[in-house]
Amino acid sequence: MSYELLIGLRYLRAKRKSTFISIITFISTAGVALGVLALIVVLAVMTGFEEDLKEKILGTNAHVVVLKNGGEIEGYAGVMDRLKRVPGVVAATPFVYSQVMLSTGTNVSGVVLRGIEPQSDVQVTNLKKSLVEGRLTDLEKPAATGADGAQPPGVILGKELAKNLNLYVGDSVNIVSPLGNLTPFGMAPKMKRFRVAGIFNTGMFEYDSTLAYVGLHEAQEFLGLGSAVTGIQLKVADVYHADRIAREINRGFGYEYFARDWMRMNKNILFALKTEKMVMFIILTLIVLVAAFGIASTLFMVVMEKTKDIAILKSMGATNRSIMKIFVLEGLIIGVAGTIIGVLGGLLVALNLETIVAGIQKVTGFELFSRDVYYLDHFPSQVVPGDVILISLTAILISFVATLYPSWQGSRLPPAEALRYE
């Protein structure tokens, strides 16, 4: 151990004439620990919310969507084969997309109708996992039942949509298309009867209240598309490289088709989350910065108290650099100790946050986290090792910078001036 570190540790352990310095040292350490703890917990919660949101988005949407400029895709089977040969593409499925109205006789709601192939859709999206009632295979054309003829085709509704229309599995609902048939009296909306075959719950209100799924052939027949589809959905090997694959498709397929990745389609909300996370990091770093001022104040007072010691060390041959190193190490010890305490406390809280929140709600009776408001079945908290390392290095760096000026002032103290009145 170098003598600078030995003296720095001794100054921290030594009994001081004034307890005020010890109090400021404790407050500085606690301030660094509190700042680090708050940063870890807040970033873990925001990361958890972000990952949960991404999971919900990808549960309903494909990684990449390919559309045709100016209309529907005819002969989509050949286009799908070409898309599957693009490096990074794992699976593909066609879909039909249109805006329609759902009517139950007493309630009416505008929805987005999506026609899908159940067998290939499960390879691309996670809709099957979101089903709370029914099965995707129920969307396939049903067989005839009894004397009344064929059973109505199935439709799968979002949980909120079914609740708003007061529909349950097995109930009947009419789907109305504004693009209907031309009659002598003008354009008449086209209407067809469906039965509720299932209900899904993605956890996102926008999807659960506006989406309805039917079989691909039923959608093509109802909307008068023939054998054409609106577009093709793709699943890629790495979701974070979906933008690169979309650009490659745009280059390879020319102007006739265009591809959009899931990050581009949801860039506003993803950018908002990223910005919010960055702003929270900057704001909470101010807590560590305030604690750094406490470290600087502590070192200024230690320098004033140890004037005699500095003079004696210099008389014995200590250099200005060594004196400065003593106080820098003392300040760094405070910063590192606070950082370690904060990291341990932050990890303990972040990894057990749901249990802690549940305990607080049980004791106080105040609901901190409402599942009905946030549409989450758990309190999301995800600790990213990179964030923990960045927070720790930032706290230590701020503590180090705070030690430089008081340590430099102490190293410039002339020994003759210090010993004159001793």
- Message: I'd like to check M204 versus E206 (side-chain heavy atoms, cut-off strictly below 4.5 Å). Are they in contact?
- Response: yes
For residues 82-93, which side-chain donor-acceptor pairs fall under 3.5 Å, sequence neighbours excluded?
unit_1: T93; atom_1: OG1; unit_2: S120; atom_2: OG; d: 2.6

- Note, P406 side chain near F327 side chain (heavy atom, < 4.5 Å): no
- Item | I398 and F293: CA distance, side-chain angles, deciding distance, side-chain contact (heavy atoms from CB on, under 4.5 Å) verdict | CA-CA 10 Å; I398 291 175; F293 281 108; over 6 Å; no
- Could you tell me whether M265 atom CE has more than 12 heavy atoms of other residues or ligands within 6.0 Å of it? yes
- Task: Please step through salt bridge (Lys or Arg N to Asp or Glu O under 4.0 Å) for the pair D261 and R264, ending with a clear verdict.
- Result: CA-CA 5 Å; D261 62 278; R264 183 176 181 84; 5.8 Å; no
- Message: Distance check, rounded to the nearest 0.5 Å: T210 atom OG1 versus N164 atom CG?
- Response: 11.0 Å
- Side chains of S172 and R195: do they bring a donor and an acceptor to under 3.5 Å? no
- After noting the C-alpha distance and the side-chain angles of Y207 and N61, does the key distance pass the side-chain contact (heavy atoms from CB on, under 4.5 Å) rule? CA-CA 10 Å; Y207 295 153; N61 298 298; 2.8 Å; yes
- Mind running side-chain contact (heavy atoms from CB on, under 4.5 Å) on V111 and L211 for me, showing each step along the way? CA-CA 6 Å; V111 300; L211 280 178; over 6 Å; no
- Shortest non-hydrogen pair, A402 vs A296, comes out as O-CB, 3.6 Å
- Message: Are I199 and L131 packed together at the side-chain level, in the sense that at least one heavy-atom pair is separated by less than 4.5 angstrom?
- Response: no
- Message: Show me the pairs that pass side-chain hydrogen bond (donor to acceptor under 3.5 Å, both in side chains) and involve residues 95-104, at least two apart or across chains.
- Response: none
- Note on the structure: Here the gap from S209 atom OG to K159 atom NZ, rounded to the nearest 0.5 Å, amounts to 13.0 Å
- Message: Are the side chains of L348 and L37 in contact, using a 4.5 Å heavy-atom criterion?
- Response: no
Could you tabulate the donor-acceptor pairs under 3.5 Å formed by side-chain atoms of residues 237-249, not counting sequence neighbours?
unit_1: D238; atom_1: OD1; unit_2: Y240; atom_2: N; d: 3.0
unit_1: D238; atom_1: OD2; unit_2: H241; atom_2: ND1; d: 3.4

- Message: Please evaluate residues K54 and E50 with respect to the criterion salt bridge (Lys or Arg N to Asp or Glu O under 4.0 Å), reporting the C-alpha separation (whole Å), side-chain torsions for both, the decisive distance (0.1 Å), and the verdict.
- Response: CA-CA 6 Å; K54 289 178 180 178; E50 184 179 355; 3.4 Å; yes
- Query: With a 4.5 Å heavy-atom cut-off, do L351 and S381 have their side chains touching?
  - Reply: no
- Task: In plain terms, say whether D387 and K277 are close enough for a salt bridge, that is, a side-chain N and a carboxylate O under 4.0 Å apart.
- Result: yes
- Message: T339 vs I396, test: side-chain contact (heavy atoms from CB on, under 4.5 Å). Steps then yes/no.
- Response: CA-CA 7 Å; T339 301; I396 293 172; 3.8 Å; yes
- Query: What is the minimum heavy-atom distance between V343 and S392, and which atoms define it?
  - Reply: CG2-OG, 3.3 Å
- Take E218 and K192 through the test salt bridge (Lys or Arg N to Asp or Glu O under 4.0 Å) and record every step on the way to the result. CA-CA 10 Å; E218 291 295 336; K192 188 172 182 179; 2.8 Å; yes
- Task: For residues E330 and L299, determine if any side-chain heavy atom of one lies less than 4.5 Å from a side-chain heavy atom of the other.
- Result: yes
- Message: Just checking F200 against Y213, ring centres under 6.0 Å apart?
- Response: yes
- Item | Heavy atoms of other groups near E51 CD, more than 12 under 6.0 Å | yes
- Message: How close do L157 and A212 get, counting heavy atoms only, and between which atoms?
- Response: CD2-CB, 3.7 Å
- Item | Step-by-step side-chain hydrogen bond (donor to acceptor under 3.5 Å, both in side chains) determination, N250 to Y255 | CA-CA 7 Å; N250 287 330; Y255 70 91; over 6 Å; no
- Query: Any sub-3.5 Å donor-acceptor pair from N352's side-chain atoms to V349's backbone N or O?
  - Reply: no
- Message: Is the shortest side-chain heavy-atom distance between M101 and I175 below 4.5 Å?
- Response: no
- Straight-line distance of T275 OG1 to M280 CE, nearest 0.5 Å: 13.5 Å
- Message: Nearest 0.5 Å, please: how far is CG in L53 from CZ in F49?
- Response: 10.0 Å
- Do you know the tightest heavy-atom contact between G342 and I40? O-CD1, 4.1 Å
- S28 (side chain) donor-acceptor with G294 (main chain) under 3.5 angstrom: yes
- Donor-acceptor pair, Q220 side chain versus A228 backbone, under 3.5 Å? yes
- Message: Among L225, T230, V79, which residue satisfies the side-chain contact (heavy atoms from CB on, under 4.5 Å) criterion with I73?
- Response: V79
- Task: Pick out which of L43, L39, V383, L393 makes a side-chain contact (heavy atoms from CB on, under 4.5 Å) with V388.
- Result: V383
- Query: Is the backbone of L167 close enough, under 3.5 Å, to the side chain of D171 for a donor and an acceptor to pair up by distance?
  - Reply: no
- If you round to the nearest 0.5 Å, how far is CG of N201 from NZ of K163? 9.0 Å
- Task: For the pair Y405 and W408, name the ring-plane relationship: parallel under 30°, tilted 30 to 60°, perpendicular over 60°.
- Result: tilted
- Message: So K68 and E256, do their side chains get closer than 4.5 Å, heavy atoms only?
- Response: yes
- Query: To the nearest 0.5 Å, how far apart are CD1 in I295 and CD1 in I334?
  - Reply: 5.5 Å
- Closest heavy-atom pair, S227 versus E74, reported as atoms and distance to 0.1 Å, is OG-OE1, 3.9 Å
- Query: How close do L136 and D121 get, heavy atom to heavy atom, and via which atoms?
  - Reply: CD1-OD2, 4.4 Å
- Query: Just by modelled atom types, is the R135 backbone N or O under 3.5 Å from a matching donor or acceptor in the D138 side chain?
  - Reply: yes
